[in-house]
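Sequence lines set the chain letters: A, B, ... in the order given, protein chains first and strands last, and positions in each chain run from 1.
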Amino acid sequence: MRKITARVYRFDKEKDREAHFEEYTVEVNEGARVLHLLHAIHDTLDPTLSYRYCCGSGQCGSCAVRVNREPVLACMEEARDKITIEPLNLPVKKDLVVDLVPTLETIASLKPSDAQKMPKKSDIDAIKPLRDCIECLCCVSVCPAMDVIKFLGPTAMRQEMRLALDPRNIDDRITAAVQEGLFTCTSCQACWKVCPKEIEIPGKAIEKLRYFANKKGLTLPRHQEVAALVKETGRSVTRIEPTFMELMNADVIEPTGPVKATVGFFIGCMYNMRLPKTALDAIEVLRRNGIRVIIPKEQICCGSPLIRTGQLAFLDTLKKRNIDAFWNRHIDTVMTMCAGCGSTLKNDYKTPFVVMDINEVLTKYGIEPPERLPVRATYHDPCHLLRGQGIYDQPRQLIRQVVDLIDMPSICCGSGGGVKSGMPEEAAALGERRGEEIKKTGADIVISSCPFCEFHIAGHTDKPVKNITTLLLEGYKEKDRKTRTLTDPPGN
Amino acid sequence: MLADEVVDCHVLVIGSGGAGVRAAIEASQYGDTVLISKTIVGKGGCTTMAEGGYNAVLREQDSCGIHFEDTLKGGAYLNDPELVNILVKEAPLRMGDLIKWGAVFDFTENDEVAQRPFGGQQFPRTCYAGDRTGHEMMTTLVERLDSSNVSSLQEFTVLDLLKNGESVIGAIALDEKGNIVLLKADSTVLATGGGTKVYDISTNSSSGTGDGFAIGYRAGAELIDMEMIQFHPTGAVFPYDARGRLVTEAVRGEGGLLLNNICERFMKQYDPERMELSTRDVVARAIATEIQAGRGTKNGGVYLDVTHLPREQIETRLPVMLEQFLKFGVDIRNQPMEVAPTAHHIMGGLRITTECRTTLSGLFACGEVAGGVHGANRLGGNALAETQVFGKRAGEFAGKSEKRIKKVDSEQIKRKLAYIDAFLTGSENPAGVRTLLQQSMWQGAGIFRNATDLNKTLRIVNNLSLAPIRAESLRNLAECCIVRNMCLTASLICRSALIRKESRGAHLRVDIHQTHDAIHSPFLHTFMSPFREGIENIGGLA
Ligand SMILES: Cc1cc2nc3c(=O)[nH]c(=O)nc-3n(C[C@H](O)[C@H](O)[C@H](O)COP(=O)(O)OP(=O)(O)OC[C@H]3O[C@@H](n4cnc5c(N)ncnc54)[C@H](O)[C@@H]3O)c2cc1C
Ligand code: SF4
Ligand code: SF4
Ligand code: FES
């Protein structure tokens, strides 16, 4: 037996004006789950604590709660000391019990019909991965889009895809999905990262549904424009100023000191054409830290804006051109700086080379310590870096070498998934929420590591928004200034 | 807490597991149907948890006759043959319904529903959806329910059946806040599932508290064979709080070995021929004997080892087991599992006809709460089939029943209100009573039984059922009623176990020397109602 203390959310709609937390200390057995901790509280200390469960083995989806803000199944998550247990982000009925039924009722079902065709094994195999859902609504609890716009949510989309794949279904599920908010998803990946059954809803349902929608001519006009632009120019944005590639006259950039590693640089449309200055900052930081950078000129858009919006017609051409651009030059490590490109190359491509994000490169080979700057920063996790590539520690390690870091919850800023162009009000609403979070931290500046996030967040906060490499460079500049004043003869 | 909420309908279905939802879908074709359950529809009960599969004769080489034979043999010939006949004939039809309604069962290369071999069956006739068959069925049924006009009352706990004279005319329930609701119905279907939660170690979901047995009994219905409890040989023993969790039979099917703490394949002592793949009762007893003899593991189990199997086989055939054990810190590719028997299924239940009529007019029963289909031991895969076959029948015959006068007996309501009111001024913690009950049942009415221990357990159970348990708030009333139901179900088990003075199927009386085998047994069903109890003899009552 061991003692565990937990803070538990308590709220009785009928009695309490607002929710509060109660702290309990109970004894549980070795290996106890959060559910057993709740049982111990209920059975020995407070029988009025309400929570829901049934199977106790991860099969029914009754017991989802948030532990330290992350949705989990109480019956599977190990109980640890000093945790905070809260209900899912859904209307609370009492304590940890939320109202699941209204959301469950929105999930579509197969309409019985006599005109149906029976499925084949290939249909069954395609549907099966979408069928494991236990409707726990962990995904709904974290979906940012649902908070700001009419959207039935990730598991409803999963079900639409499941129906669309089934010959027994006779309805038009694609049009239904579009009406239910198919294009509001920001591709933030939050839903499947919390899914206890690891159902990859954004990739396996939403993008596929958008592809079907594309075939039905239902792609949003703004998304079609982007696709046309990529097709015509190889880039997803228009040229308005000299691009990064134009500014770099050499295609191999040697470091100032000894070479620690050589990488090919996949620049991406945004850093190339909208934020070239940031990319130049990155180059400075890489040079200073022994990274030799090769920039093949033939590279083009990675295709992410097409994949996320379901426009796959000439995707394979893009992929081939990009892979050839690097592989023909015998590059075995390709570095991305844009979180979206990185996630796309890692997850949607089959590359013969290794793909690393710039944060991974810099932490792997180590950086020269910059000077500390007297500002407090907060860090916005780009969805495609945190969830798309699992990169959490590296950017924090780098930032902490320059400034004090105040963390904030990792939530989508609204710039992804084609939402900024296709659903601007939604993107703005999500951006505003980020702005509020930033304010709460009291930080002086906001750091991120994704051109979409940097660009978008800048419009929703009065604090300066900077890329990590820009921050590092500022640290180096400060360091150089100090060494200079130290070495310069006084009174000169 | 006024009884002013009244629902009036044609058919009331109690329980939203496989049997209840199937019944409601069917009944709704005949009139207003209300489905009430103490969990959210689709999330409660044991159907969602079933992993293994659904038995149905689908191939030319197989036949209903062989399925019938297998089921009777497995059931130690205690099954009601008419019910078994219906089960085997209609299981394929009901499977067809599920497929038509969108179920995603595994298919063969020939685009037919795939089937796998299961214990005690001469033909591989168990249909499956990976190792989440029950969940697949529930998802399908709930989708189908959505396009019916059944109204659902979710998270309502039924306390008792309403009686008008000798007929059942609905039920009395509590909503989640503890308010009383009356539900009047021309016909009522009891589909509340099983109740092995009365044991300390059980595979059941939290709703497997035996409410239906208790509710039926109190209303005056007759129950049969309540001593027949199936103990599954392999339940998890760690973590302690999740003890009893089912470790599927497929582990042994794939070649898993049972070892004691001196690394001996002990099954050779008990069934040298079939070894690990012997029947559930034999393996359960063997494991229990090893543990009792001190040859168990530190956590109180024996080893179930698959480390000799190719890693890939484990990963592809036993993915859920691999995932579940990994969560609990055991990588079954490198380490043996620890397992021990766990209370799994109640074969007994309300006596029903082939039309699912109980001995009370107006009351139907289907699914695990009904008795007679599985006899003294259930074959793996027959329970899921039972939910569909008898769920449909119960819904159909309840739906086709006449309208009746539903005059609520205000005395009955008053008595019930007084009964639950008493909990508000009670003094004992219901959780404590529940734990004592579960432990006593495990010790005295478990796998090995004798009259002395059964009598002792029955005394404890009877005392516990009188404990002045306390409801801290109105919301806790349901919990108190459930604890009382558990006590009553436990007492039915003990009493029936005492009455059956033979060993048969899952019921083992170590204190009785017996010369007959199952097929030559002079006994039939035990029966129990508030009015009579005993055991049927071949050729008459004992
Ligand atoms: C872990 C596990 C695995 C299994 N695997 C298999 C298998 O592979 N194959 C097979 O054939 N069988 C299997 N079984 C057995 C089978 O699952 C059950 O016998 C069957 O599902 C029972 O179905 P049911 O509809 O009768 O009851 P359940 O599915 O248990 O549903 C009971 C319903 O009644 C409700 N209820 C109960 N009491 C009340 C009340 N007082 N008021 C209101 N509502 C109430 C519950 O909320 C629930 O909705 C397994 C059982 C378990 C526990
Ligand atoms: S998709 Fe995953 S997280 Fe969402 S409801 Fe289903 S099981 Fe839960
Ligand atoms: S990817 Fe993000 S926005 Fe899209 S459905 Fe999932 S959680 Fe919602
Ligand atoms: S209780 Fe069923 S999933 Fe946790």
Which pair of non-hydrogen atoms, one from [X] and one from [Y], has the smallest distance, and what is that distance?
{"X": "B/Ser207", "Y": "A/Cys54", "answer": "OG-SG, 4.1 Å"}
{"X": "A/Cys55", "Y": "B/Ser205", "answer": "CA-CB, 4.1 Å"}
{"X": "B/Phe107", "Y": "A/Lys120", "answer": "CD2-C, 4.1 Å"}
{"X": "A/Leu100", "Y": "B/Ile40", "answer": "CD1-CD1, 3.8 Å"}
{"X": "A/Asp166", "Y": "B/Gly102", "answer": "OD2-O, 4.3 Å"}

Can you list the steps and then say if B/Asn476 with A/His42 is a side chain to side chain contact (heavy atoms under 4.5 Å, CB included)?
CA-CA 11 Å; B/Asn476 297 70; A/His42 175 272; 4.2 Å; yes
Salt-bridged, B/Asp106 to A/Lys121, with N to O below 4.0 Å?
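No, this pair does not count.
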Check B/Glu143 with A/Arg131, please: is the shortest side-chain N to carboxylate O separation under 4.0 Å?
yes
Part of [X] lying under 4.5 Å from any heavy atom of chain A:
{"X": "B/Lys177", "answer": "side chain"}
{"X": "B/Phe238", "answer": "side chain"}
{"X": "B/Glu109", "answer": "both"}
{"X": "B/Glu112", "answer": "neither"}
{"X": "B/Thr108", "answer": "backbone"}
{"X": "B/Thr39", "answer": "side chain"}
{"X": "B/Ile99", "answer": "both"}
{"X": "B/Arg470", "answer": "neither"}

Taking [X] for its side chain and [Y] for its backbone only, find out whether a donor-acceptor pair lies under 3.5 Å.
{"X": "A/Arg168", "Y": "B/Ala103", "value": "yes"}
{"X": "B/Asp241", "Y": "A/Gly31", "value": "no"}
{"X": "B/His135", "Y": "A/Cys133", "value": "yes"}
{"X": "A/Lys128", "Y": "B/Gly130", "value": "no"}

Taking side chain as everything from C-beta outward and backbone as N, CA, C, O, which of these in [X] sits under 4.5 Å from a heavy atom of chain B? Side chain, backbone, both or neither.
{"X": "A/His39", "answer": "neither"}
{"X": "A/Ser50", "answer": "side chain"}
{"X": "A/Glu135", "answer": "both"}
{"X": "A/Ile134", "answer": "both"}

Using side-chain heavy atoms (C-beta onward) and a distance below 4.5 Å, is [X] in contact with [Y]?
{"X": "B/Arg144", "Y": "A/Leu110", "answer": "no"}
{"X": "B/Glu323", "Y": "A/Glu198", "answer": "no"}
{"X": "A/Val101", "Y": "B/Gln154", "answer": "yes"}
{"X": "B/Pro239", "Y": "A/Arg33", "answer": "yes"}
{"X": "A/Cys60", "Y": "B/Met49", "answer": "no"}

Using a distance-only test with no angle check, is there a side-chain donor-acceptor pair under 3.5 angstrom linking A/Arg52 and B/Ser206?
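A/Arg52 vs B/Ser206: no donor-acceptor pair found between side chains.
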Which distance, rounded to the nearest 0.5 Å, do you find between the OG of A/Ser122 and the CG of B/Asp111?
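Taking OG in A/Ser122 and CG in B/Asp111, the distance rounds to 6.5 Å.
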Separation between CG of B/Asp146 and CD1 of A/Ile107, rounded to the nearest 0.5 Å
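Answer for the CG-CD1 pair, B/Asp146 versus A/Ile107, is 9.5 Å.
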For chain A, find which of B/Gly44, B/Ala242, B/Pro430 contributes the most heavy-atom pairs closer than 4.5 angstrom.
B/Ala242
Heavy-atom pairs under 4.5 Å with chain A, option from B/Arg434, B/Arg245, B/Lys100, B/Glu479 with the top count
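Ranked by contacts with chain A, first place is B/Lys100.
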Of A/Asp125, A/Asp123, A/Leu130, A/Ile124, which meets side chain to side chain contact (heavy atoms under 4.5 Å, CB included) against B/Val104?
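Going through the options one by one, the only one that passes is A/Ile124.
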Given B/Arg132, B/Lys43, B/Met138, B/Glu51, the one that forms side chain to side chain contact (heavy atoms under 4.5 Å, CB included) with A/Gln59
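Answer after filtering B/Arg132, B/Lys43, B/Met138, B/Glu51: B/Glu51.
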Does A/Arg69 have more than 12 heavy atoms from other residues, nucleotides or ligands lying within 6.0 Å of its CZ?
no
Go through [options] and name the one with the most non-hydrogen pairs under 4.5 angstrom from chain B.
{"options": "A/Leu35, A/Thr44, A/Asn29, A/Thr48", "value": "A/Asn29"}
{"options": "A/Pro112, A/Ser113, A/Ala108", "value": "A/Pro112"}
{"options": "A/Gly56, A/Gly61, A/Gly58", "value": "A/Gly61"}

How far apart are the C-alpha atoms of B/Glu176 and A/Lys94, what are their side-chain angles, what is the distance that settles it, and do they pass the side chain to side chain contact (heavy atoms under 4.5 Å, CB included) test?
CA-CA 10 Å; B/Glu176 58 190 330; A/Lys94 182 171 177 290; over 6 Å; no
